[in-house]
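This report concerns only the one structure given below.
When reading the values below, keep in mind they use all heavy atoms of this one structure, side chains included, and skip hydrogens, waters and symmetry mates. What you see is a predicted model; the values in this text were computed from it and never measured.
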Amino acid sequence: MAMLPAITNQSHLVPSDANVSALGFQGPWREPTFTTAAKVRVGITCCFFLIASCSNVAVLCSISGKRCKSHLRILILSLSVADLLVTFLVMPLDAMWNVMVQWYADELSCKILNFGKLFAMYSSALVLVVISLDRHWAILYPLSFTSAGQRNRIMLWTAWVGSLLLASPQLFLFRLRTVPGANFTQCATHGSFAQRWQETLYNMFTFCTLFVTPLGVMIVCYTRILWEIGKQMKHKKGETSLLPLLRDSYLPFTILSLLKCLLVELTGSHT
């Protein structure tokens with residue numbers, strides 16, 4: 001996805017319009033600064049970093065107990081690893097990039113870090129999809145429990161490999177761009193697309209595969225889960241408690257993880 005800090009007004013223009021147009025900027029270019037909005041984003045990101053770090057450590061400690069079933073332990077462990085990638089890669093990168101405004105590292109770092117950032121986001125979203133599908137089958141088709149372990153391993157491999165493939169375009173799209181006549185270098189996708197519609201299409205594809213499709217799968221799965229829970233409670237006339245069923249569905253855990261992904265994306269100014 002295209003990444004470029006917000007442009008703020010200053011009293012002087014830097015390069016000529018012709019040079020700026022060659023880089024993909026439209027109209028007069030003004031040097032970005034560390035704005036108040038960026039400071040707020042950095043503060044929020046730091047708060048999320050602390051909360052996510054503590055919560056993921058707590059989750060890792062909890063699954064070490066013997067009460068967690070083996071096929072569930074690998075799912076929660078995978079989600080914790082994906083969340084830790086988001087916590088220790090995406091959040092610090094967004095915060096530092098907001099503070100520094102421009103890119104000071106080399107082009108290889110530009111490509112690898114942006115690939116790693118999108119890979120972490122994809123892995124977290126797709127592992128949530130795997131958990132949703134597992135809980136869907138466990139509650140609606142409890143007799144399929146014997147094949148749950150093998151099925152989950154296949155789905156997790158698909159999620160991790162799929163994350164690698166979906167994030168791989170970042171290695172080819174991102175590059176260093178320097179503004180002529182100004183001491184300003186940015187890691188961005190300018191010049192990687194021949195036409196503007198191609199960049200828009202890629203951004204829409206990323207948005208759909210990263211948020212829309214996983215969210216749609218989770219909505220379908222948990223709608224059917226809640227419907228099944230409602231039927232069980234109705235047939236047993238209140239003998240079944242709602243809390244254990246919701247706990248087994250992992251719905252609260254999934255909602256919190258999804259909200260964290262969305263908030264990280266919203267607070268990052270470069271995605």
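With hydrogens and angles disregarded, a donor-acceptor distance shorter than 3.5 Å links the side chain of Thr206 to the backbone of Tyr202. Judged by distance alone, the side chain of Thr189 and the main-chain N or O of Ser192 form no donor-acceptor pair under 3.5 Å. Of the possible polar contacts, one joining the Glu107 side chain to the Leu176 backbone as a donor-acceptor pair under 3.5 Å is found. In terms of modelled atom types and a separation under 3.5 Å, the side chain of Glu199 and the main chain of Phe193 share no donor-acceptor contact. Side-chain atoms of Ser163 come within 3.5 Å of backbone atoms of Ser123 as a donor-acceptor pair (strictly under, hydrogens ignored). Put simply, the side chain of Thr213 gets close to the backbone of Cys208: a donor and an acceptor are under 3.5 Å apart. Judged by distance alone, the side chain of Lys111 and the main-chain N or O of Phe174 form a donor-acceptor pair under 3.5 Å.
Checked by atom type, the side-chain pair Thr185/Thr178 shows a donor-acceptor distance below 3.5 Å. Between the side chains of Ser109 and Asp106, at least one donor N or O lies within less than 3.5 Å of an accepting N or O.
Between the CD1 atom of Ile74 and the CD1 atom of Ile76 there is a distance of 11.0 Å, given to the nearest 0.5 Å. For the atom pair CG of Leu133 and CG of Leu128, the computed distance is 11.0 Å after rounding to the nearest 0.5 Å. The OG atom of Ser132 lies 13.5 Å from the CZ atom of Arg224; values are rounded to the nearest 0.5 Å.
Between Trp97 and Trp103, the angle of the ring planes goes over 60°, which puts this pair in the perpendicular group of the 30/60° scheme. Ring planes of Phe207 and Phe211: tilted class, angle from 30 to 60°. Between His136 and Tyr141, the ring planes are perpendicular. Angles over 60° get that label, and only those under 30° would be called parallel.
Less than 6.0 angstrom separates the ring centroid of Phe49 from the ring centroid of Phe88.
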Go through the steps for Thr209 and Tyr122 under the test side chain to side chain donor-acceptor pair (under 3.5 Å), then give the verdict.
-> CA-CA 8 Å; Thr209 53; Tyr122 267 122; 2.5 Å; yes
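When side chains are defined from C-beta on, Asn152 does not count as touching Trp157, because their heavy atoms never get closer than 4.5 Å.
Contact check on Asp94 versus Arg41 returns no salt bridge, with no Lys/Arg side-chain nitrogen under 4.0 Å from an Asp/Glu carboxylate oxygen.
Under a 4.5 Å side-chain heavy-atom criterion applied to ILVMFWY residues, the cluster that includes Trp197 comprises Leu201 as well. Residue Ile112 belongs to a hydrophobic cluster whose other members are Leu108, with links defined by side-chain heavy atoms closer than 4.5 Å. Hydrophobic cluster of Met96: the remaining members, joined at side-chain heavy-atom separations below 4.5 Å, are Met100, Tyr104, listed by chain and number.
Contact between Ser124 and Leu79 at its shortest, heavy atoms only, is O-CD1, 3.9 Å.
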